[in-house]
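The next block holds one structure in the form of C-alpha cells; read it before the comments.
Throughout, numbering of the chain's residues begins at 1 and tracks the sequence. Since we're looking at a predicted model, the values are computed, not measured.
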Amino acid sequence: MNRYAAVLVLLLAAAPVIAQEPPEKKDPSAKPKVTVDLICEMLRIGIEEDQIISYLDRVAWPEHLEERDLLKVSRAGGGRKLQGRLYARLEVRSEPERLSRLFERFDGKVPQGPSYSLLRPKGYRVTRRSKDFRRVEFSENDVAGWFRGTRYFVWFIDAGAWESGNETAVARIAMRAVSGRMESGGLTVTPAEEEKLTGRKKKAGYPFFHALATDEKTRLRGMLGLTVRIMPKSKTLVIMGFIAPVSEEALAITEATQRLGDMVGTLRVEAP
C-alpha cells in the first residue's frame, strides 16, 4: 500500500389460455406481451433469476412500469439484479422529469477547497456533517442505530497522486476501511463484492463495492454500498455511498443502488 493509500485509510478513520374458437393468425414478427404478473409467476415456480432476465432480453420487458410493480416482483422472490433491471424501466416521460421527481439539488463548498453540486434524494436532509465540511450525510430521519433507514454519504478528499482511472483501486481501499470501522463498532460484515455502477443512460460505469452487515445487538441487517470518482480538474477524490436496511418487502437496496448511480453520474466539482 503506497503512502496515498495509507493516508486515505486514515482519512476514512407465463400462464397459457385455452381458446374456444380457432386461433387468429398471428404476425410472426410480433413479440409476445410480457407482464409483471408473468414475471412473478416465473419466480414462484422456481425459474432462476438469470434465466428470466435472459428471456426478457430476448423477448420483451414489461412496459409502463410503476414502483408498485417492483414491490410485487420483490414479494414474489425477485432478487436485486432483476429488480435493478426493472427499476431502470420505471415509467417516465423524460430523463429531466425523472430526476426532478426523485431528487433535489444540493450545493456546497469545502472551506479553502472545492465547491460542488450534487443530487440528493427528495425528502432527505443533511443529518451529519464533519467540522471541515468534507463529509456530508443525508437521511430521511436521524434515528439512532444501524439500519433504521437509508443513509447516503459523500466525502471529498484531496486526490494527491491518484489519477482518473484509479477509481477501482481507491474504492477497494475505501471499502476495506469503512468495513473495518463498522466491524470495530460491533457489526459483522461479509466480504465485499465488486460490480459496475451505472446511471439510467449507462454511458459510464463506476466501480461499485458492496457488502452485507449485521448489527449483533439488534440483529438488524443492511447493505453498505460504495463508489468513487476522481475529478482531475479539481484534483478531488469523491467517495459516495449508502447504508440501507435489508427487508423482504422493501426495495431499499435496489432503490439506493439505482439512486447512487444517478448521484455519482451527475456530480459536479470545481476547483477553489
Side-chain angles (χ1 to χ4, degrees), residues 5 8 12 39 48-58 61 65 70 73-74 78-90 92 95 98-99 102-103 116 118-121 138 150-157 159 162-179 182 189-213 222-233 236-246 251-269:
L8 176 60
L12 294 174
I39 293 174
E48 294 183 359
E49 187 175 79
D50 286 341
Q51 291 179 304
I52 295 175
I53 292 173
S54 177
Y55 170 76
L56 296 174
D57 283 339
R58 292 195 313 271
W61 287 80
L65 285 169
L70 273 70
V73 172
S74 175
R80 189 166 59 85
K81 186 175 180 181
L82 176 58
Q83 291 179 34
R85 293 290 298 274
L86 290 168
Y87 188 93
R89 290 169 169 79
L90 285 180
V92 291
E95 181 68 4
R98 182 184 72 85
L99 293 176
L102 297 175
F103 296 97
Y116 58 86
L118 56 85
L119 298 180
R120 65 172 173 183
F138 308 103
T150 301
R151 299 176 181 271
Y152 296 89
F153 55 83
V154 185
W155 297 334
F156 299 91
I157 300 173
W162 293 108
E163 298 179 354
S164 181
N166 297 137
E167 284 86 355
T168 299
V170 175
R172 185 177 292 111
I173 294 168
M175 188 69 182
R176 191 182 306 128
V178 177
S179 298
M182 294 175 73
V189 184
T190 64
E193 297 183 30
E194 179 184 353
E195 293 181 17
K196 277 291 183 182
L197 182 68
T198 58
R200 184 69 61 97
K201 293 184 178 181
K202 299 183 179 179
K203 290 185 177 180
Y206 307 96
F208 180 56
F209 287 82
H210 56 90
L212 293 174
M223 190 174 97
L224 163 67
L226 181 149
T227 188
V228 164
R229 281 193 69 180
I230 297 177
M231 321 293 281
K233 291 185 179 180
T236 305
L237 188 159
V238 185
I239 299 171
M240 304 181 71
F242 65 81
I243 296 174
V246 173
L251 295 171
I253 300 300
T254 299
E255 180 182 86
T257 303
Q258 294 292 328
R259 291 186 181 176
L260 180 63
D262 289 323
M263 292 168 71
V264 70
T266 55
L267 174 69
R268 299 291 180 268
V269 181

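- Taking CE of M223 as the reference point, atom OG1 of T190 lies at 9.5 Å (rounded to 0.5 Å).
- Residues F209 and V228 have side chains not in contact (no heavy-atom distance under 4.5 Å, counting atoms from C-beta outward).
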Go through the steps for R80 and E195 under the test salt bridge (charged side-chain N to carboxylate O under 4.0 Å, His left out), then give the verdict.
CA-CA 12 Å; R80 189 166 59 85; E195 293 181 17; 3.0 Å; yes
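- Residues Y87 and R259 bring a donor and an acceptor atom of their side chains to less than 3.5 Å of each other.
- For the residue pair T168 and R172, no side-chain donor N or O sits within less than 3.5 Å of a side-chain acceptor on the partner.
- Residues L82 and V73 form a side-chain contact, since some pair of their non-hydrogen atoms from C-beta on lies under 4.5 Å apart.
- Atom CD of E163 has 12 or fewer neighbouring heavy atoms from other residues, nucleotides or ligands inside a 6.0 Å radius.
- Within the 4.5 Å cutoff, the side chain of I39 has heavy atoms near those of the L56 side chain.
- Contact check for V154 versus Y116: no side-chain heavy atoms found under the 4.5 Å cut-off.
- Between L118 and V238, the closest side-chain pair of non-hydrogen atoms is not below 4.5 Å.
- Counting only heavy atoms from C-beta outward, the side chains of T150 and P245 approach each other to under 4.5 Å.
- Residues Y206 and E167 fail the side-chain proximity criterion, which asks for heavy atoms closer than 4.5 Å.
- Between L224 and M175 there is a side-chain heavy-atom pair separated by less than 4.5 Å.
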